[in-house]
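Below is one structure; the comments refer to it alone.
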Amino acid sequence: MDSDVAPPSPLTPVTEEWERALCVVAHPDDLEFGAAAAIARWTGQGKRVVYCMVTSGEAGIDGLRPDACRPLREAEQVESARIVGVDVVDFLGRPDGIVEYGVDLRRAIAGVVRRHRPEIVVTNNFRDTWGGASLNQADHVAVGRATLDAVRDAGNRWVFPEQLQDRVEPWGGVREVWAAGSPLAAHGVDTTATFDAGVASLEAHAAYIEGLGWVDWDAREFLEAASRGAGQRLGTTFATAFEVFSMGWGD
Ligand SMILES: [Zn+2]
């Protein structure tokens, strides 16, 4: 019965008092399915945002062999980043579809955190589902979980100490990790003014979207539907929702 369904709880705005963010996700396109409009907002405020792709999404197009797919998807990601004001995209080259959570993945991500020294780290939803029965994808779960742990690893000089050379120092300055699109999201950011940039950023994945073979699928319609619900909870037209993990001790 409808009367048994609790109204969606309001979202609290995320802090925007920071200057550098690092986004770590499994695949090209992961940020564009919801978070890119938020990133456009932040780069428009003069913040510096860099991307790290754990894989190159080379197993993402059924009709294209990975060796042919990889450069195509990397190029599409670089362009979609450029559209929202991001000019650094690191590719870690892990195999698409079979990313494993573990020390090796934490090491790779900790190295990226130490090089870029962000205050905020953005990743994708790594809960088991997107809410309801919609199952999350294995790479997303592994990468999100490893990112959360790697942020803490990056601040400890005795963890992965071999990375501490050539002026690379431990970095314990990440205040929060934000998981975009989590079903447990309680925070959000207004993306109304930068919504179009988010759409253009998703449309830059043209070969990938074409390869999915979704008939009559439209990037704008998809993002409107996805962003409107979060907007209602934040009190704006459109929004991106995040589950926020504080990296401080005892707060
Ligand atoms: Zn993905």
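Whatever order the structure lists them in is the order used to number ligands and atoms, beginning at 1. These figures come from a predicted structure and were not determined experimentally.
Residue pairs satisfying the side-chain hydrogen bond (donor to acceptor under 3.5 Å, both in side chains) criterion with at least one member in residues 209-218, sequence neighbours excluded, are absent. Within the structure, salt bridge (Lys or Arg N to Asp or Glu O under 4.0 Å) contacts touching residues 158-170 (residues at least two apart or in different chains) are Arg107-Glu162.
Within the 4.5 Å cutoff, side-chain heavy atoms of Leu105 are placed close to those of Val99.
The Zn ion (ligand 1) sits nearest to atom ND1 when only the N, O or S atoms of His27 are considered. When the Zn ion (ligand 1) is compared with the N/O/S atoms of His140, atom NE2 turns out nearest. Residue Asp30 approaches the Zn ion (ligand 1) most closely through its N/O/S atom OD1.
Ring centers of Tyr101 and Phe126: at least 6.0 Å apart, outside the cut-off.
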